[in-house]
Protein chains: 2
Amino acid sequence: MRSYNQYCAVAKALDVIGDRWTLLIIRELTLRGPSRYTDLRRGLPGIATNLLAERLRELERTGILAREEAPPPVATALFSLTERGAALAPVLDALGLWGVSYMTEGPEPGDEFRAHWLAWPVDMFLRDADPDGAPVTIELDTGDDPVLARLDAGEITVQPGRGEIADVRISGEPHPVLGLLTGALDIAQARDAGVTVEGRAEILDRLQPAPA
Amino acid sequence: MRSYNQYCAVAKALDVIGDRWTLLIIRELTLRGPSRYTDLRRGLPGIATNLLAERLRELERTGILAREEAPPPVATALFSLTERGAALAPVLDALGLWGVSYMTEGPEPGDEFRAHWLAWPVDMFLRDADPDGAPVTIELDTGDDPVLARLDAGEITVQPGRGEIADVRISGEPHPVLGLLTGALDIAQARDAGVTVEGRAEILDRLQPAPA
DNA sequence: CCGCATCCGGGGCGATACTG
DNA sequence: CAGTATCGCCCCGGATGCGG
């Protein structure tokens, strides 16, 4: 991107990551870890393939990510964040916490959704009401790849769920699932909105709205 | 800007503030408070006038800032952040702290500078080594409008200096002034780089590199 | 002087097609 | 699967004009 030519920390940061799609690419690598080109494409609906390729080239040049030629069993390149790239997590967090307010009304027409994007709403809205309880996992199934929300020692984390068996499984459209998680909907209301809850539903009582 | 059409908190945030120049406009309003159009222009060297006008219109429409028609004595409009706009401060902080690493080598050819942009480097690099000491002020004079760094109760804040008399005054080129503040240069080295220190220079001993 | 609006050239972006 | 190639368009940058 064209430089702002300002000797200012914010402007210098934007010189590097201010291009369109750039921060969303870093979002994918932050949430999903080292990823293949095709996985990045799936997590970035709407991006043009040439733009993704060009951004990856530029981000490699500026030391934000690294391209690793994976060993023969995989036989494809993996893109992963460098230390400098991973240090952008606080930027994503601040943006995500600010942007969550735009999600409460539900998706706009044409919006795409991937379950792992729930990381920020969950982090924003939820706490574990029973920090001393046993670790439990909640599978969230909203159409694409399922993700697991883990409650452990009072912390809630969201990560791609790789075939693990969860204690409770929630499936349905993104907006009512989010509503159920945040407490905007109770289980009965969520069912009316097409959400199904399987397994130990009482675990959901451990989800507590985060303090404002 | 064109929407990413992703039901994701980060993408929704970027839909609103992802346009070029937008976050820098919010930077100016955050650092300087309610500002006139011309003051914004001075703090945003390189921006085209039509772009500034268009961004201000759009940011007003999305509820990030408000235009106040100032009473007759001023006879000009003031732009100020709304609550939602002010809530972007953590985003600027995260970006600024990440971007500071690009400033240590000094400005690139053609870089413009405004003293109030020092807020992030100071916040990043400095602590008050004598939290119980009396409040003191340091005037930083780097060519444009001077700013005041206040040390009070262990906190360091940077704000535009409005005619106040400071305990010590540092003037010179931005990079060596920054070097002196951060401890990369001692006073003798800074003088060699054209920096002048007037007043109670011993106050600078209270500046302590921030813990990594 | 302040606060824009208008015009125009160039480049970044978006969509699709194509290839090893 | 992992990109490259191409093309139209719109956003951006820079200059100028202009009413209050």
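Proteins get letters first, then strands, A, B, ... in listed order; numbering begins at 1 in each.
Annotation: side-chain contact (heavy atoms from CB on, under 4.5 Å) contacts of Thr62(B) (sequence neighbours excluded): Val16(B), Glu58(B), Leu59(B), Ile64(B). For Phe125(A), there are no ring-ring contact (aromatic ring centres under 6.0 Å, His included) partners at least two apart in sequence or on another chain. Looking at residues two or more places apart in sequence or on another chain, you find a side-chain contact (heavy atoms from CB on, under 4.5 Å) between Arg42(B) and Arg36(B), Thr38(B), Asp39(B). For Tyr4(B), the ring-ring contact (aromatic ring centres under 6.0 Å, His included) partners at least two apart in sequence or on another chain are Trp21(A). In this structure, the side-chain contact (heavy atoms from CB on, under 4.5 Å) partners of Pro107(A), at least two apart in sequence or on a different chain, are Asp111(A), His175(A), Tyr7(B). Residues passing the side-chain contact (heavy atoms from CB on, under 4.5 Å) test with His116(B), sequence neighbours excluded: Glu28(B), Leu31(B), Arg32(B), Arg114(B), Val147(B).
Nearest-nucleotide positions on DNA chain D for Tyr4(A) and Leu56(A) put Leu56(A) closer to the 5' end. Nearest-nucleotide positions on DNA chain C for Arg41(A) and Met1(A) put Met1(A) closer to the 5' end. Looking at which nucleotide of DNA chain C each of Glu54(A) and Arg67(B) is closest to, the 5′-most match is held by Arg67(B).
At distances below 3.5 Å, not a single donor-acceptor pair connects side-chain atoms of Asp141(A) with backbone N or O atoms of Pro146(A). Between the side chain of Thr82(A) and the backbone N or O of Gly63(A), at least one donor-acceptor pair lies under 3.5 Å. The closest donor-acceptor contact from the side chain of Arg169(A) to the backbone of Ile165(A) lies at 3.5 Å or more, if one exists at all.
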Worksheet item: For every nucleotide of nucleotides 14-20 of chain D, 5' to 3': is a protein heavy atom under 4.0 Å from its base (B), only from its sugar-phosphate (S), or from neither (-)?
Response: BBB----

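The only option from Val168(A), Asp152(A), Asp167(A) that meets the side-chain contact (heavy atoms from CB on, under 4.5 Å) definition with Val136(A) turns out to be Asp167(A).
Summarising the geometry, the separation between CG on Leu51(A) and P on dA5(D) is reported as 15 Å, rounded to the nearest angstrom. Distance, Leu44(B) CG to dG13(D) P: 12 Å, rounded to whole Å. Rounded to an integer number of Å, the gap from CD of Glu69(A) to P of dC1(D) is 17 Å.
Taking a heavy-atom distance under 4.0 Å as the criterion, the stretch of DNA chain C touched by chain B extends 5' to 3' from dC2(C) to dA15(C).
Listed by residue number, the members of residues 12-26 of chain A with any heavy atom below 4.0 angstrom from DNA chain C are Asp19(A), Arg20(A), Trp21(A).
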Using distance only, find each side-chain donor-acceptor pair of residues 43-56 of chain A under 3.5 Å and give its atom names and separation, not counting sequence neighbours.
{"unit_1": "Arg55(A)", "atom_1": "NE", "unit_2": "Arg20(A)", "atom_2": "O", "d": "2.8"}
{"unit_1": "Arg55(A)", "atom_1": "NH2", "unit_2": "Arg20(A)", "atom_2": "O", "d": "3.3"}

Kindly list each side-chain donor-acceptor pair under 3.5 angstrom involving residues 83-97 of chain B, sequence neighbours excluded, with atom names and distances?
{"unit_1": "Arg84(B)", "atom_1": "NH1", "unit_2": "Tyr102(A)", "atom_2": "OH", "d": "3.1"}
{"unit_1": "Asp93(B)", "atom_1": "OD1", "unit_2": "Trp120(B)", "atom_2": "NE1", "d": "2.8"}

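For the helix from dC1(C)-dG20(D) to dG20(C)-dC1(D), the terminal axes (five pairs an end, C1' atoms, rotation from four pairs onto the next four) enclose an angle of 30°, given to 10 degrees.
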